[in-house]
Amino acid sequence: EVQLVESGGGLVQPGASLKLSCVASGFTFSDYWMSWVRQTPGKTMEWIGDIKYDGSYTNYAPSLKNRFTISRDNAKSTLYLQMSNVRSEDTATYYCTYYFDYWGQGVMVTVSS
Amino acid sequence: DVVLTQTPPTLSATIGQSVSISCRSSQSLLDSDGDTYLNWLLQRPGQSPQLLIYSVSNLESGVPNRFSGSGSETDFTLKISGVEAEDLGVYYCMQATHAPYTFGAGTKLELK
């Protein structure tokens, strides 16, 4: 059974950094591109970016490219999202997904002082 | 960025009724490889999104065949032939042809 389990969310102050993780199981993680998607409290869905199966290439939404970094550790079957200089508008539920076919349960990030 | 416009924003239906949701794109979603990467997702209350239809009209494994997708280029439709209670939630179209990938604003399906 495919499982994607995100972690690392919580309450963070504006300007801080945060790193989310997504542990994958039930499939050969190193064979697949992976994506991060977020959903705002108003339910708007936004694609953050993705990473090639070997970690050699990443794509980002232009509006987030300068602050967010996607990486992966295939030995640990884990996807990461490094968020820096967070803002209130980054408050959302963050999902990892592959091919939009399988999704994690999501992790909430709240940016507030 | 590609803008996906979904209509209607809210849909009220009775059990057994057939309904359709429209998704219009600001540019063609036909990729240079010949495929059209327009997907439909359902998010039930309190759950993560679930893929229903991929590449316009392909039913994801395990999804009931009362769901169907059609369309081309910039105009797409999701049809539910006989709504069931488990179909309630928010439907999103999304495109993965042009980066950054984008989502529609969603259509909330409610019981009348």
Enter the distance from [X]:[atom1] to [Y]:[atom2] here, rounded to the nearest 0.5 Å.
| X | Y | atom1 | atom2 | result |
| --- | --- | --- | --- | --- |
| B/T102 | A/M45 | OG1 | CE | 12.0 Å |
| A/F100 | B/N39 | CZ | CG | 7.5 Å |
| B/D1 | A/W47 | CG | CH2 | 10.0 Å |

Toward chain A, the part of [X] with a non-hydrogen atom under 4.5 Å:
| X | value |
| --- | --- |
| B/Q47 | backbone |
| B/Y101 | both |
| B/L52 | neither |

Practice task
Compare all side-chain heavy atoms of B/Y54 with those of A/D101 and state whether any distance is below 4.5 angstrom.
Solution key: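 In short, these two side chains do not touch, never coming nearer than 4.5 Å.
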
Joint hydrophobic cluster, [X] plus [Y], side-chain heavy atoms closer than 4.5 Å:
| X | Y | value |
| --- | --- | --- |
| B/V90 | B/I21 | no |
| A/Y98 | A/Y53 | yes |
| A/L20 | A/V37 | no |
| B/W40 | B/L30 | no |
| B/Y92 | A/Y99 | no |

Handout entry: Flag if over 12 foreign heavy atoms under 6.0 Å of CZ, B/R24
Key = no

Exercise for the section: Mark yes when over 12 heavy atoms from residues, nucleotides or ligands other than A/D31 sit less than 6.0 Å from its CG; otherwise mark no. Expected result: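 Counting other residues, nucleotides and ligands, CG of A/D31 exceeds 12 neighbours.
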
Completion exercise
The interface call for A/E46 against chain B, heavy-atom contacts under 4.5 Å, is backbone

Handout entry: Donor-acceptor under 3.5 Å (B/S48 side chain, A/W103 main chain)
Key = no

Exercise for the section: Go through B/P100, B/G104, B/S61 and name the one with the most non-hydrogen pairs under 4.5 angstrom from chain A. Expected result: B/P100

